[in-house]
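Every number for a ligand or one of its atoms is a count from 1 in the order of the listing.
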Amino acid sequence: MAANKSVLFLPGDGIGAEVAAEVKKVIDWMGDNRALEFDVTDGLIGGTAYDQTGSPLPRETIEAAHAADAVLLGAVGGPKWETLPFEDQPERGLLGIRKEMGLFANLRPALVFDALADASTLKYDVVAGLDIMILRELSSGIYFGEPRGIEDLGGDRRRGYNTLTYTSDEVRRIGEVAFDLAAKRNKRVCSIDKANVLQATVMWREEMIKVGERHPDIELSHMYVDNAAMQLVRNPKQFDVVVTTNMFGDILSDCAAMLTGSLGMLPSASLGEPDESGNRPALYEPVHGSAPDIAGQGIANPLAMILSFSMMLRYSFDLAGEADAVDAAVEAVLAKGLRTGDIMEDGKTRVSTEEMGAAVLAELSAAA
Ligand code: NAD
């Protein structure tokens with residue numbers, strides 16, 4: 001199979017650059033062994049970009065992101081840049097690129113590898129084999145709604161307010177992503193709202209039902225967010241794709257993340273609106289940050305970054321076979337007992353970032 005895909009590679013700061021180096025080897029392996037041509041361009045973002053160009057998001061990076069088929073990002077931030085003015089801080093680079101690319105759908109899979117099921121704070125039976133997808137609306141809702149602010153009411157009294165707002169178009173477009181994802185998974189969508197209290201989410205539910213009518217082969221259910229939080233820890237395996245608003249998704253995706261153990265294992269994807277030729281802007285990144293406490297020591301877990309590349313293969317390039325191969329290689333190294341410090345358990349073998357990357361490559365080669 002031949003594919004010519006352009007990838008913008010943004011390692012960023014701290015362990016971002018360390019885990020990026022390992023995924024680069026996996027990308028090269030795919031080029032050498034699966035005849036997939038990836039044109040990888042390196043770019044700058046975050047504190048490293050600020051140091052070299054005076055901006056956490058240089059114009060060249062924005063242009064390269066628009067030109068690429070997909071963007072793969074490490075992490076940004078660190079104490080070195082914490083005292084910079086707000087607009088120069090590394091995190092502005094991340095928020096800026098998401099905005100520039102018009103990313104509105106945030107995919108956060110919560111997948112528990114068998115070998116790590118014991119590492120969860122929940123019982124083995126509750127999480128073993130877990131494979132759910134939390135889909136968060138990323139561009140609207142209460143985080144962006146107007147009016148918002150804090151006003152003086154006179155004396156020492158003030159009023160703080162935000163507005164939960166969604167248009168039907170915004171609900172339908174995230175709904176379509178949810179149903180598309182479910183079609184490639186277990187064909188179930190659970191939409192989370194608070195329709196018993198919040199009018200905006202009454203409309204959310206009604207629009208989801210309309211989207212659902214266009215996808216009769218997918219089962220649609222609804223749940224109030226308070227119940228969903230409870231169900232996520234009680235019996236998470238009842239879900240397949242969970243779709244929800246920006247704020248509910250922010251909270252529920254972190255809750256689901258913790259079912260799986262370590263931050264070092266969690267990939268994510270953010271998708272935008274497809275253009276006329278059907279190409280969808282997409283940014284893939286591990287959920288973790290730049291981990292300044294361990295940066296430079298060569299001990300970071302590169303698996304979240306490698307799994308983010310696997311998501312790129314699956315969702316941007318429709319290369320499910322290659323994505324499955326990467327996921328299986330990760331599963332295999334874990335089954336062999338290799339662990340970076342963050343997922344270390346008694347009786348397992350502690351490895352460095354580089355050794356973990358090399359082990360994934362060895363498993364890919366062994367299975368090829
Ligand atoms: P963090 O995710 O960087 O680290 C939290 C803890 O998890 C640390 O103890 C760290 O050592 C550990 N950890 C994270 N990823 C790991 C990995 N791959 N392997 C092993 N251990 C890992 O979050 P933080 O400490 O709150 O933030 C540090 C910096 O990262 C801040 O500047 C923050 O703004 C930034 N940040 C960036 C992103 C991003 O780029 N997407 C996300 C979160 C935080």
Next item on the list: Begin from the C-alpha positions of Thr244 and Trp204 and carry the test side chain to side chain donor-acceptor pair (under 3.5 Å) through to its verdict.
Entry: CA-CA 9 Å; Thr244 190; Trp204 171 283; 5.7 Å; no
Item checked: Part of Leu263 within contact of ligand 1 (heavy atoms, under 4.0 Å) -> side chain
Checklist line | Verify atom 24 (P) of ligand 1: protein non-hydrogen atom under 4.0 angstrom away | finding: no
Check: So which of Glu137, Glu207, Glu273, Glu213 actually passes salt bridge (charged side-chain N to carboxylate O under 4.0 Å, His left out) with Arg172?
Finding: Glu207
Check: Hey, are Arg92 and Gln89 close enough side-chain-wise for a donor-acceptor pair under 3.5 Å?
Finding: no
Notebook entry, point to check: Would you call Asp131 and Arg185 a salt bridge, taking side-chain N to carboxylate O under 4.0 Å as the test?
Noted result: yes
Note to self: Contact between ligand 1 and Val19 is defined here as a heavy atom of the residue under 4.0 Å from a ligand atom; is it met?
What the structure shows: no
Notebook entry, point to check: Which protein heavy atom lies closest to atom 31 (C) of ligand 1, and at what distance to 0.1 Å?
Noted result: Glu91 OE2, 3.9 Å
Next item on the list: Under 4.0 Å, heavy atoms only, figure out whether ligand 1 is touched by the backbone of Glu82, its side chain, both or neither.
Entry: neither
Notebook entry, point to check: Does at least one non-hydrogen atom of Ala304 fall below 4.0 angstrom from an atom of ligand 1?
Noted result: no
Notebook entry, point to check: Are the side chains of Val189 and Phe239 in touch, meaning some heavy atoms are under 4.5 Å apart?
Noted result: no
Check: Where the closest heavy atom to atom 9 (O) of ligand 1 is concerned, which of Asp293, Leu10, Val76 has it?
Finding: Asp293
Note to self: Does this structure show an ion pair linking Arg157 with Asp152, if we count only N-O contacts that are shorter than 4.0 Å?
What the structure shows: no
Margin query: Among all protein heavy atoms in this structure, tell me which lies nearest to atom 19 (N) of ligand 1, with the distance rounded to 0.1 Å.
Written below: Asn301 N, 2.8 Å
Check: Hey, which atoms in ligand 1 end up nearer than 4.0 Å to a heavy atom of Ala300?
Finding: 19 (N)
Margin query: Does only the side chain of Pro292 get under 4.0 Å from ligand 1, or the backbone, or both, or neither? Count heavy atoms.
Written below: side chain
Notebook entry, point to check: Is there a heavy atom of Thr340 sitting under 4.0 angstrom from any atom of ligand 1?
Noted result: no
Notebook entry, point to check: Hey, are Tyr284 and Ser310 close enough side-chain-wise for a donor-acceptor pair under 3.5 Å?
Noted result: no
Next item on the list: May I ask you to say whether Arg280 pairs ionically with Asp275, meaning some side-chain N is under 4.0 Å from a carboxylate O?
Entry: no
